[in-house]
Structures are given as C-alpha cells and as structure tokens.
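Here is the structure we will look at.
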Amino acid sequence: MDKFIIKGGITLKGELGVSGAKNASLALLPATILAPGRSTLKNTPELNDVFTMIKLLRHIGAVVEFKDHVLSIETGSITNQIAPYEHVKKMRASVYVLGPLLTRYGRAKVSLPGGCAWGPRPINLHLEALKKMGANIDLVDGYIVCDTNRLRGENIKFDISSVGATGNILMASVLAKGTTKIQNAATEPEITNLAKFLVKMGAKIEGIGTNILTIDGVDDLIPVEIDTIADRIEAGTLLIAAAITNGSIILNDVDPGLLSAILLKLMSAGCKIKTSENKIELDASELEIKNINVSTSIFPGFPTDMQAQWTAFMSLANGKSLVRDTIYFDRFKHVPELVRLGANISVNDNTALVKGVKELKGAKVMSTDLRASASLLLAGLAARGTTEILRVYHLDRGYQRIEEKLRNLGADIERVVGKEF
Ligand code: EPU
C-alpha cells in the first residue's frame, strides 16, 4: 500500500487538463454490453475503478484494449453473465452490468454489493424496477440471480433520485419491449453522457438531461464511439487545491457548466473565477477564505462527492460553517483525520460544524475512502510541515496520477511505493 508525503504550505500555480469522468466511464463501459461488436470510449481516465470494470468485462468474455485513454471493447464474444464477488466487492459500480446483461441475454447473476466504507448503500431501487419490468429475481448465496424472457416497458417512479438506479434501468429499458418511463430520474451529467451514448447506438430516449426519461425499446443496438465528459469532481478538487494554498489555476478540457454549484460556492468564499468554453480560471492569491455553508444535493446542486473537500477548505475559513450531506448521511469519515491535522470540526447527524482555524499542521493520517482521502490531500497541501497520507489506493480509485498533477502546480508531494504502512 502506497503512501503520500506532502510538505505543505506551498502556493500552487499552473495550468492543467481535466481527465475523463470516473463515474461516466463506469456507466459507459457496461453499456457496451448492449451492442454486440466493437465500441470505442474516448477520454477514458486511467483509474483503478476503471481497471476493475475492465477486468469484470474481460471476465464475462469481452475483449478489451486500452491505450492512450481510448478503450476499445468487443462485446460480441461475451459468453458468461456472472459478475463474481471478487470484482463487485472491490467496486460497487460493478452492479451496473446487471441491467445490460439481463436485457441483452435474459439472465444475469451479480454479487450483491455489501455496505461501503461510510455506511449502507442499498440497491433496492434497481431491483424493484427490474422486477416491475418482468424480471424474476432471487437472492442466492449473496448473489442476485435474475432471468426474463424479455423485459417489458413500465412506468418506473423512483422514491429517491439515484444515479446508479437510473443508469441501470436506462440500460435495461433500451432493449425492453415497449415504452419505459423513468420518473425522478437522476440528471447528473454522467447519466446524460450515458444516455447520449445509447442514442448513438440506436436507442430511442426522450427527456435526456431532465428528470423524466421516456425510452422506446428497440430490438438491436449497434456499437459506436463516444467521448467521456470531464470529471467535475477532479476539477472541483483541483480548484480547491489552488484556493486553499492561495494559488491560481487554469483548468482546460472542462465545461464550466458541469461545476456551476461548486464555482458559485468558491466565489462566495472569495475566489476570483473566470470561465470560458471548456476553461475555468481561479485566482485565490489574495484570498481570505470566507465561511460558507454547503448542503449537498442532486445535480445541479452541490455534489456529495465534493463534501469532504469543502469541509477541508472551510477548516481554514475565517468563521464557522455548516457542511450538510443530504445524500449520504454518514459520509464524514474524513472528519477525525482532519482533526488530527488541527481542524476544529464536530459532526451532528448529517452536518459538520466547521470552526475555521488559523492554520493546519502536518501529521500522519489515514485514508478511509476516495473523497475522504481527497480532503486529507487538500488539508495536507495547506498544512504547515509534513503530512503523510496512508492507504492512497483509495485516491488511485478515482484520481488519475493526482500527485503528478499537483507536482505540475508546484506541490511538494511524493509517493512512497508498495510498502505496508
Ligand atoms: N439509494 C437507495 N436505494 C437504491 C439506490 C440508492 O436508497 O437502490 C440511495 C443511496 O443510499 C443514496 C441515494 O439514494 O442515499 C443516492 O445514491 P445513488 O444511487 O445516486 O448513488 P450511486 O449511484 O451508488 C453514484 C456515484 C457516487 C456518488 C453518488 C451520488 C458512481 C459510480 N457513483 O453512486 O460516487 O456519490 O452517485 O451522486 O456513479 C464517488 O465518486 O466518490 C462516489 C461515491
């Protein structure tokens, strides 16, 4: 397990390109199952979660090549519809193969994902919708075992807006018989990216980008090529890295519209921001961080995947702020570690009360999950002295060579490889 050693307190400055979005890729890869033949996914990020999905696709028989961020996936060769525990336990998004396998082959056996690092993350909405569409579903030895002659279009109304359930049911419905209407569908840009990919394949989908998707099932889809959108969470994390160190940054290859809630909050906190097509410029050289409350919500609201990073940012603000997570009530594993770096934060229910301190001080801290680790990275960049972040494999799941990107901005960050820490 690698660790990072960061010498903090350096002002970060520079220009970077934003990588492709992890959560878009994790939906686009399994969508290729729907169209037998060779699909091409461009701008795919080189991340451990993407490698896990590639392994899963190879396990079921797909032939996958990955070079220079271009993935070529041949799905005509799929022979096996089982997603085993070894893959699913590494990454919950593996459950995305359920809808495509079931709708294309009439059967699927997918390990049920357990809880995750910060609490339960059920998939009841995925299963209830598939049942309504005519799937027979059993739970056998920890596996979801389903079959169907052909799924049929139905009215699906989700009680909660769920990215994963929307993606899964969207993929299932494009080959179903008849019309499916998904109400309270997720409108996250990664779902829009997926829907546009499916339309290019020949799917009939209306309402893309809204919370009502209407899908007319077709008999066949053809393999095509798609560009993966930019990772708005990587972009947001890099913007805070510059802001928290009184630096400045220019981000390229990213549509600012993907990050509007994050940019508004950064401006409220005192950052100067300019945007143009596919570019965001942030200047925090004279920033005194203002205390700004945040409450996470579904897109276009402030994303839960930026909550931990915002908490780190606010730990150096000039007053108190409240950071509330309305998507995942328990997603606060970063707080005790930020406190080890000198932050003053307490958590009550789903809200962190962050009392800004004058400075953070380097310490040894432990990554617990992806975004928690990102918050420790940000705090370590701002802290006086040396911070060691243990278990950076969490960061490798979702940030492509983050230490190289930060070094390009001037950070003093080193990866110590492969020892047990
Ligand atoms: N939920 C249910 N039942 C379900 C599905 C979801 O109760 O069947 C609840 C969840 O417990 C949660 C809410 O609905 O309270 C929203 O969860 P959602 O299904 O939208 O989350 P997800 O699809 O499992 C994706 C991202 C997460 C991100 C969330 C929320 C991927 C691969 N993962 O997860 O990303 O936090 O949406 O935006 O797209 C990350 O990148 O660090 C990450 C965790």
Side-chain angles (χ1 to χ4, degrees), residues 19-31 45 47-50 52-53 56 88 90-99 110 112-132 137 144 156-172 182 184-194 211 228-229 231-237 258 261-262 296-309 324-331 333-334 350 367-375 394-400 402:
S19 299
K22 168 180 83 83
N23 290 345
S25 282
L26 292 179
L28 296 175
L29 268 87
L47 302 170
N48 283 354
D49 275 7
V50 169
T52 301
M53 188 61 89
L56 176 53
V88 181
K90 277 199 195 137
M91 186 183 70
R92 303 174 49 80
S94 307
V95 83
Y96 262 141
V97 298
L98 180 62
V110 176
L112 191 64
C116 86
W118 70 79
R121 287 174 69 189
I123 57 158
N124 57 308
L125 298 175
H126 308 225
L127 301 183
E128 283 158 19
L130 289 174
K131 247 185 210 160
K132 194 165 179 197
I137 303 186
I144 308 154
I156 306 292
K157 187 166 183 199
F158 290 130
D159 294 337
I160 304 173
S161 174
S162 158
V163 174
T166 303
N168 233 335
I169 300 312
L170 181 59
M171 290 190 274
I182 307 179
N184 200 18
T187 59
E188 270 63 12
E190 294 74 21
I191 291 295
T192 299
N193 200 182
L194 169 67
N211 65 359
T228 311
I229 56 165
D231 196 310
R232 58 198 170 105
I233 308 302
E234 185 202 50
T237 305
L258 298 176
I262 301 167
T296 67
S297 56
I298 56 173
F299 190 81
F302 191 93
T304 172
D305 294 341
M306 283 298 296
Q307 179 263 107
Q309 299 89 314
R324 176 170 295 132
D325 202 318
T326 69
I327 309 290
Y328 295 116
F329 294 174
D330 304 324
R331 199 178 194 179
K333 285 276 192 283
H334 43 286
N350 65 338
S367 301
T368 50
D369 61 77
L370 171 58
R371 307 304 172 188
S373 320
S375 80
H394 289 294
L395 276 163
D396 295 334
R397 289 187 59 176
Y399 291 91
Q400 180 176 299
I402 187 76

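Computed from heavy atoms alone, side chains included, the values below leave out hydrogens, waters and symmetry copies. Counting begins at 1 with the first residue of the sequence. Just follow the structure's listing: the first ligand is 1, and inside any ligand the first atom is 1.
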Arg232/Glu190 ion pair, N-O < 4.0 Å:
yes
Element-labelled atoms of ligand 1 that are located less than 4.0 Å from some non-hydrogen atom of [X]:
X: Thr304; answer: 30 (C), 36 (O), 38 (O)
X: Ile327; answer: 12 (C), 15 (O), 16 (C)
X: Lys22; answer: 40 (C), 41 (O)
X: Asp305; answer: 27 (C), 28 (C), 35 (O), 36 (O), 40 (C), 41 (O), 42 (O), 43 (C), 44 (C)
X: Ala93; answer: 32 (C)
X: Leu370; answer: 42 (O)
X: Ile123; answer: 4 (C), 8 (O)

How close do [X] and [Y] get, counting heavy atoms only, and between which atoms?
X: Thr326; Y: Ser297; value: OG1-CA, 4.0 Å
X: Pro113; Y: Arg92; value: CB-NH1, 3.7 Å
X: Leu56; Y: Ser94; value: CD2-CB, 3.6 Å
X: Asp49; Y: Arg397; value: OD1-NE, 2.7 Å

If you measure from atom 42 (O) of ligand 1 to every heavy atom of Arg371, Arg397, Glu128, which option wins on shortest distance?
Arg371
May I ask which of Gly398, Ala372, Gly164 has a heavy atom nearer to atom 23 (O) of ligand 1 than the others do?
Gly164
Does ligand 1 have any atom sitting under 4.0 Å from a heavy atom of [X]?
X: Ala165; value: no
X: Glu190; value: no
X: Arg331; value: yes

Just distances here: any N/O of Tyr328 and N/O of ligand 1 closer than 3.5 Å?
yes
Under 4.0 Å, heavy atoms only, figure out whether ligand 1 is touched by the backbone of Asn124, its side chain, both or neither.
both
What part of Leu125, side chain from CB on, backbone N/CA/C/O, both or neither, has a heavy atom under 4.0 Å from ligand 1?
both
Close side-chain approach of Tyr399 and Asp231, heavy atoms under 4.5 Å:
no
Could you tell me whether the side chain of Asp305 reaches within less than 4.5 Å of the side chain of Arg331, counting heavy atoms only?
yes
Pick from Leu258, Ile262, Ile298: which one makes a side chain to side chain contact (heavy atoms under 4.5 Å, CB included) with Pro303?
Ile262
Going by atom types alone, do Asp325 and Thr304 pair a side-chain donor with an acceptor below 3.5 Å?
yes
Short question: side chain of Glu234, backbone of Ser19 - any donor-acceptor pair under 3.5 Å?
yes
